[in-house]
Number of protein chains: 2
Amino acid sequence: MDHTNIAPEQRPQHNGAPPAPARRAHRYERPKVAVDTVLFVVDGGRLKTYLVQLKSGPLRGKWAFPGGLVRVGEMLDDAARRQLLSTTGLECAYLEQLFTFGDPSRDPRAHVVSVAYMALISDPARVAVPSHKYAAGGWYEVPGQLPPLAYDHALIADYALSRLKAKLAYTNIAAFVLPKSFTFKELEDLYAAILGRSLDRRNFRRRIAAMGLLKKLPVKRYGPHRPAGLYSFRKQTLQVVQML
Amino acid sequence: MDHTNIAPEQRPQHNGAPPAPARRAHRYERPKVAVDTVLFVVDGGRLKTYLVQLKSGPLRGKWAFPGGLVRVGEMLDDAARRQLLSTTGLECAYLEQLFTFGDPSRDPRAHVVSVAYMALISDPARVAVPSHKYAAGGWYEVPGQLPPLAYDHALIADYALSRLKAKLAYTNIAAFVLPKSFTFKELEDLYAAILGRSLDRRNFRRRIAAMGLLKKLPVKRYGPHRPAGLYSFRKQTLQVVQML
DNA sequence: ACAAAAGTGTTGGCAATACACCCATGG
DNA sequence: CCATGGGTGTATTGCCAACACTTTTGT
């Protein structure tokens, strides 16, 4: 891009701005940059996402994904991680940028451009502690009824879910939602939960095997009935399978 | 997201900022938002993109995609269109957001978060006139040797090309690069140019026909040899073909 | 022995690939 | 009639979806 016009002098006046504004700060006014993160977890075979309830402002009482403004000098990913940590106390295992929402009216108070992220954590046991900055916080099953969302967060929720679904098909993204070792059935249930439909066990095993991302562990999980073989992903970093 | 902390008072101090800054404006400092647009055109069977050469600043002489800062109250798409129009005089037929690049060091002068876009125009005849804000401007064939790029624009270029390639497979995105009517051969050449490889004519016709996005016109194009049937896309808006 | 979950193969249809010849026109 | 690009069909292959029974363990 051209950042030549970073100096405000070179910038054309924007619509209806007074030519000689009273407060100099106003001339420099620019949209702010925020990140909003859709955090997913799978708990008991259900896909859930974390929401916080706003405490003040015109949208008080509405719910939103954890997020906030980006600082000068901060990477976008770092901003997302920082907000997630300060809001939920959780460090995500996976973080991916989704899309940037910039409608000036998405936030009634100011023009805030929001870079949406999706994050995954693998341990549903660590329950997030709501920050004092919010009225409440909690996990909500998705797809399903979410409480009334602030801003354009309903859009962001849809976007995140469809991205997650798509990535199941050709990556090992499930590695970031599952514990280190798991049974084939658990993997299948995870896929079924996210995709919202059940899968044929045999075809599923075949497809997953074809991806070649799993390794079989030499142990089994014993339960009330026939023991199940345990597996883990070969790599804990995102792998993309070529499907030419 | 939480925009609760829009009020600067609620915002935590960022790294190393003096607790009582001399200039109040500094306390309010935030990353700026820009858009950068990769404009593609197909001219003579070659895919080309438009670049401008920076006139001043630490990156003087380097080349960049048209772009600039977003104004308060402006939609991101509108910002991209505005910059494209002011830089090249062109109105794009198609515009799509790609990704947002936010590395604070991507611009040596300031922290500028850039929302990258891809744009398509159909008429290679309209030659862009370089704006006076730039030392030069011109079309460069891609994939191919581009001049030295400023910022992280090499990344953006790669990203745009791969997105364009991917969309050929399951959308009528070619509609925005071709004139209203065209021959099958022209369409095939377009695909070949963008994908960087040649295609089997018969299989290509079959696949395109299967997408069902074309209609055959009752006229032919006469040339020095056998006339070719003319086609057009049924819809001039983006259509996505389901491939279950 | 029985209940419960784990594990395993085969078949048919569809879609993608590879491949070569005839056609229509202008010169 | 010839040169040039336009237009067409078939055979094979690999992939994906549908489908049901046997095995292993705990109780």
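Throughout, a chain's letter reflects where its sequence line sits, starting with A, and its residues are numbered from 1.
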Can any side-chain N or O of [X] pair as donor or acceptor with the backbone N or O of [Y] at less than 3.5 Å?
{"X": "A/Asp77", "Y": "A/Leu95", "answer": "no"}
{"X": "A/Thr88", "Y": "A/Leu90", "answer": "yes"}
{"X": "A/Arg221", "Y": "A/Pro227", "answer": "no"}

Atom pair distance, as rounded to whole Å: [atom1] in [X] and [atom2] in [N]:
{"X": "B/Glu186", "N": "D/dG7", "atom1": "CD", "atom2": "P", "result": "11 Å"}
{"X": "A/Phe182", "N": "C/dA6", "atom1": "CZ", "atom2": "C1'", "result": "16 Å"}
{"X": "B/Phe204", "N": "C/dA15", "atom1": "CZ", "atom2": "C1'", "result": "17 Å"}

Quiz item: B/Arg202 side-chain donor-acceptor pair to C/dA20 base, under 3.5 Å: yes

*Please tell me if the side chains of B/Leu230 and B/Lys220 come closer than 4.5 Å, counting only heavy atoms from C-beta onward.*
no

Between A/Phe65 and A/Tyr50, does the ring centroid distance fall short of 6.0 Å? no

Practice problem: Output, in order, the C-alpha distance, side-chain angles, deciding distance and verdict of salt bridge (Lys or Arg N to Asp or Glu O under 4.0 Å) for A/Arg81 and A/Glu91. | Solution: CA-CA 7 Å; A/Arg81 267 186 263 267; A/Glu91 303 208 36; over 6 Å; no

In short, the helix from C/dA1-D/dT27 to C/dG27-D/dC1 is bent end to end, axes from five pairs each side, to 10°, by 10°

**Message:** Parallel, tilted or perpendicular: which one describes the rings of B/Tyr159 and B/Phe99, with boundaries at 30° and 60°?
**Reply:** tilted

Side chain of [X], heavy atoms from C-beta onward: which of [options] has the nearest atom to it?
{"X": "A/Arg206", "options": "D/dA18, D/dG6, C/dA6", "result": "D/dA18"}
{"X": "B/Asp200", "options": "D/dG6, D/dA18, C/dC19", "result": "C/dC19"}
{"X": "B/Lys185", "options": "D/dG6, D/dC19, C/dT17", "result": "D/dG6"}

Within residues 211-227 of chain B, those residues having any heavy atom closer than 4.0 Å to DNA chain D are B/His225, B/Arg226, B/Pro227

Check A/Arg82 with A/Asp78, please: is the shortest side-chain N to carboxylate O separation under 4.0 Å?
no

* **Phosphate contact (C/dA6 OP1 or OP2) by A/Arg201 side-chain N/O below 4.0 Å** => no

When B/Arg205 and A/Asn203 are each assigned the nearest nucleotide of DNA chain D, the 5'-most assignment goes to B/Arg205

